Q: 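The structure is given below, and queries will be raised subsequently.
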2 protein chains.
Amino acid sequence: MVNKKCIIRLLRYKNALHRLNSLGFVKVFSDNLADAVGVTASQVRKDFSLFGICGNKRGGYQIEALLGKLNHILGKNEQQKVVIVGGGNIGAALMKYKGFEKEGVKIAACFDIDPAKYNHKEGDIPVLPLEQLRDFVRQNHIKIGVIAVPDIAAQQVLDLMLAAGIKGVLNFAPIRLRAASDCVINNVNLVLELETVIYFIINGLEKSIAEIHEEQKS
Amino acid sequence: MVNKKCIIRLLRYKNALHRLNSLGFVKVFSDNLADAVGVTASQVRKDFSLFGICGNKRGGYQIEALLGKLNHILGKNEQQKVVIVGGGNIGAALMKYKGFEKEGVKIAACFDIDPAKYNHKEGDIPVLPLEQLRDFVRQNHIKIGVIAVPDIAAQQVLDLMLAAGIKGVLNFAPIRLRAASDCVINNVNLVLELETVIYFIINGLEKSIAEIHEEQKS
DNA sequence: TTTTTATAGTGAAAAAAATCACAAAATGGC
DNA sequence: GCCATTTTGTGATTTTTTTCACTATAAAAA
């Protein structure tokens, strides 16, 4: 019923509200949020209406209350733990990237088959042998995984993840994964994203590059 | 008129065709491609029809001819050069990633403000001072740039890029960039992509996670 | 207190995207 | 060479998403 595009907008509203909040603002109007996120004010109100979020006629929305509701809907009230499989370029970049922690997403561990990548340094995110994935995921009740391995290994890694109990996957491998239907797979294909830009540059971009986002549930 | 979702499908058809081609196949039917990419056969035919691509009734499509047409439409016949600004986590990962070259995208150089990152090693992608961006982009007629800097610097980097003549940008900074309307900006927000998965896991994913892709032209 | 005004909430309308369904054409078998 | 079959190409239809437009309401002003 609610689709991914809508959730992404909600997440953006949340981010915009955070900024406004830390700037000391107390209330917003739908058109402020619309500007901040790049959509129409109607869209903002429709999205909120879909989730039963109400503001005050003429008074806008109280930022704190609104943040609370969005955080609740988006599951941002408790920290989410994720694991990464693949300690290569992308996996390593994700581990070093500070943006996840800021949003309450904790990278609990990374798994690889290459012993040279193993790491137990205090303070760092541990990089462990792939064989330990299953136990780690079960012991820590992890439901989300990131696939950052070469495409050739991706399906196999997904199968391991699902067997371990993971239910949602962010997949960076440029390949179509097959999985049971009670599992969510969100694909991010970096090359494709860049190629899309190239297309619009080559073929007169005077047209709007309309909406973007690809996904796949499974 | 044609939107990003459609272009992404075209790029996927192209990839699937490459695989089929290297497996020795000579022709495909719309439903083969549909399966490979995860859409319906009608969608495939509609997409092709939109670009004037014809097959043979009852005979399907000749893979080589089809690849040729898609490559032409997608600008894959000549190698595309891009620059990256930001040699941090994401920038470094992109430079090391082999996937771009495989698709005919050449990362010509990376720019940073941190002298510790500068690199002129033979064979590596050069990492140069940001001041050289303008001249480099002009001399090499580069039209595409990747923003891989912290969000605080992203708008400034975009302005530099546009001033240098760049027309299309892949932006990894989690911030809404403002730009003239003759420029294409494609945003990739890694945290958001992961948070989307988290939402669907938390809130009973029994529903399909519909289509995904966000974009913004500017 | 009454009036004015700004803004939320939402059903209706429009636009966009995907799917359907079927005619037209090409192939292979007989 | 004709018929049966398969698959394309596309107009029509359906579904989904977005925008419009108007009512209700709360706040401020008079």
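As the structure is a computational prediction, the values presented were derived from the model and not from experiment.
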Q: Mind calculating the distance between CG (B:L66) and P (D:dT7) to the nearest angstrom?
A: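 Rounded to whole Å, this separation is 16 Å.
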Q: Using atom CZ of A:F51 as one end and atom P of C:dA8 as the other, report the distance to the nearest whole Å.
A: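 Taking atom P of C:dA8 as the reference, CZ of A:F51 is at 19 Å.
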Q: With a 4.5 Å heavy-atom cut-off, do A:V83 and A:F136 have their side chains touching?
A: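 Counting from C-beta outward, A:V83 and A:F136 do come under 4.5 Å.
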Q: Taking A:N203 for the side chain and A:Y199 for the main chain, is one N or O donor matched with an acceptor at less than 3.5 Å?
A: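 At least one qualifying donor-acceptor pair exists.
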Q: Look at the side-chain N and O atoms of A:R9 and state whether any lies under 4.0 Å from the OP1 or OP2 oxygen of D:dT18.
A: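 Checking A:R9 against D:dT18: at least one side-chain N or O falls below 4.0 Å of OP1 or OP2.
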Q: Report the distance from atom CG of B:D47 to atom C1' of C:dA18, rounded to the nearest whole Å.
A: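 Computing the B:D47:CG to C:dA18:C1' distance gives 10 Å.
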Q: Just by distance, no angles: are the side chains of A:N77 and A:N71 close enough, under 3.5 Å, to form a donor-acceptor pair?
A: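 A:N71 and A:N77 do not have a side-chain donor-acceptor pair below 3.5 Å.
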Q: Distances under 3.5 Å only, N/O to N/O: pair up the protein atoms with those of nucleotides 8-12 of chain D.
A:
from	atom 1	to	atom 2	distance (Å)
D:dT8	OP1	B:S30	N	2.7
D:dT8	OP2	B:S30	OG	2.7
D:dT8	O2	B:K57	NZ	3.2
D:dG9	OP1	B:G55	N	2.4
D:dG9	OP1	B:G55	O	3.4
D:dG9	OP2	B:Y61	OH	2.6
D:dG9	N7	B:R45	NE	2.7
D:dG9	O6	B:R45	NH2	2.9
D:dT10	OP2	B:S49	OG	3.3
D:dG11	O6	B:K46	NZ	3.0
D:dA12	N6	B:K46	NZ	3.3

Q: Using five base pairs at each end, measure the axis-to-axis angle across the helix from C:dT1-D:dA30 to C:dC30-D:dG1 and round it to 10 degrees.
A: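 For the helix from C:dT1-D:dA30 to C:dC30-D:dG1, the axes at opposite ends meet at about 0°.
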Q: Looking only at side chains, do B:D47 and B:Y13 share a donor and an acceptor under 3.5 Å apart?
A: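 The answer is yes; a qualifying pair exists.
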Q: Rounded to the nearest angstrom, tell me the gap between atom NZ in B:K27 and atom C1' in C:dG28.
A: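 Going from B:K27 (NZ) to C:dG28 (C1'), I get 11 Å.
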Q: Does OP1 or OP2 of C:dA17 have a side-chain N or O of B:Q43 closer than 4.0 Å?
A: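 Negative; the distance criterion is not met.
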Q: Roughly, in whole Å, what's the span from CD1 in B:I8 to P in C:dA18?
A: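 Value for this atom pair: 12 Å.
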Q: Indicate whether the side chain of B:E193 and that of B:N189 have a donor and an acceptor atom separated by less than 3.5 Å.
A: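 There is no such pair (donor and acceptor under 3.5 Å, judged by atom type) between the side chains of B:E193 and B:N189.
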Q: Just wondering, more than 12 heavy atoms not from A:F25 lying within 6.0 Å of its CZ?
A: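 No - once you tally the heavy atoms of other residues, nucleotides and ligands closer than 6.0 Å, there are 12 at most.
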Q: Whole angstrom is fine here: how far is it from CD in A:Q62 over to C1' in C:dT7?
A: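 My rounded result for the distance is 14 Å.
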Q: Under a 3.5 Å threshold, yes or no: a donor from one side chain and an acceptor from the other, between B:N186 and B:K4?
A: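 Their side chains do contain a donor-acceptor pair, which is all the 3.5 Å distance test asks for.
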Q: Go through it in stages, so that I can follow the logic: the residues are B:F100 and B:Y97, the test is ring-ring contact (aromatic ring centres under 6.0 Å, His included), and I'd like the CA-CA distance, side-chain angles, deciding distance and then a yes or no.
A: CA-CA 7 Å; B:F100 292 104; B:Y97 187 50; 5.6 Å; yes
Q: Between B:L190 and B:L194, is there a side-chain heavy-atom distance shorter than 4.5 Å?
A: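 No. Closest side-chain heavy atoms not under 4.5 Å.
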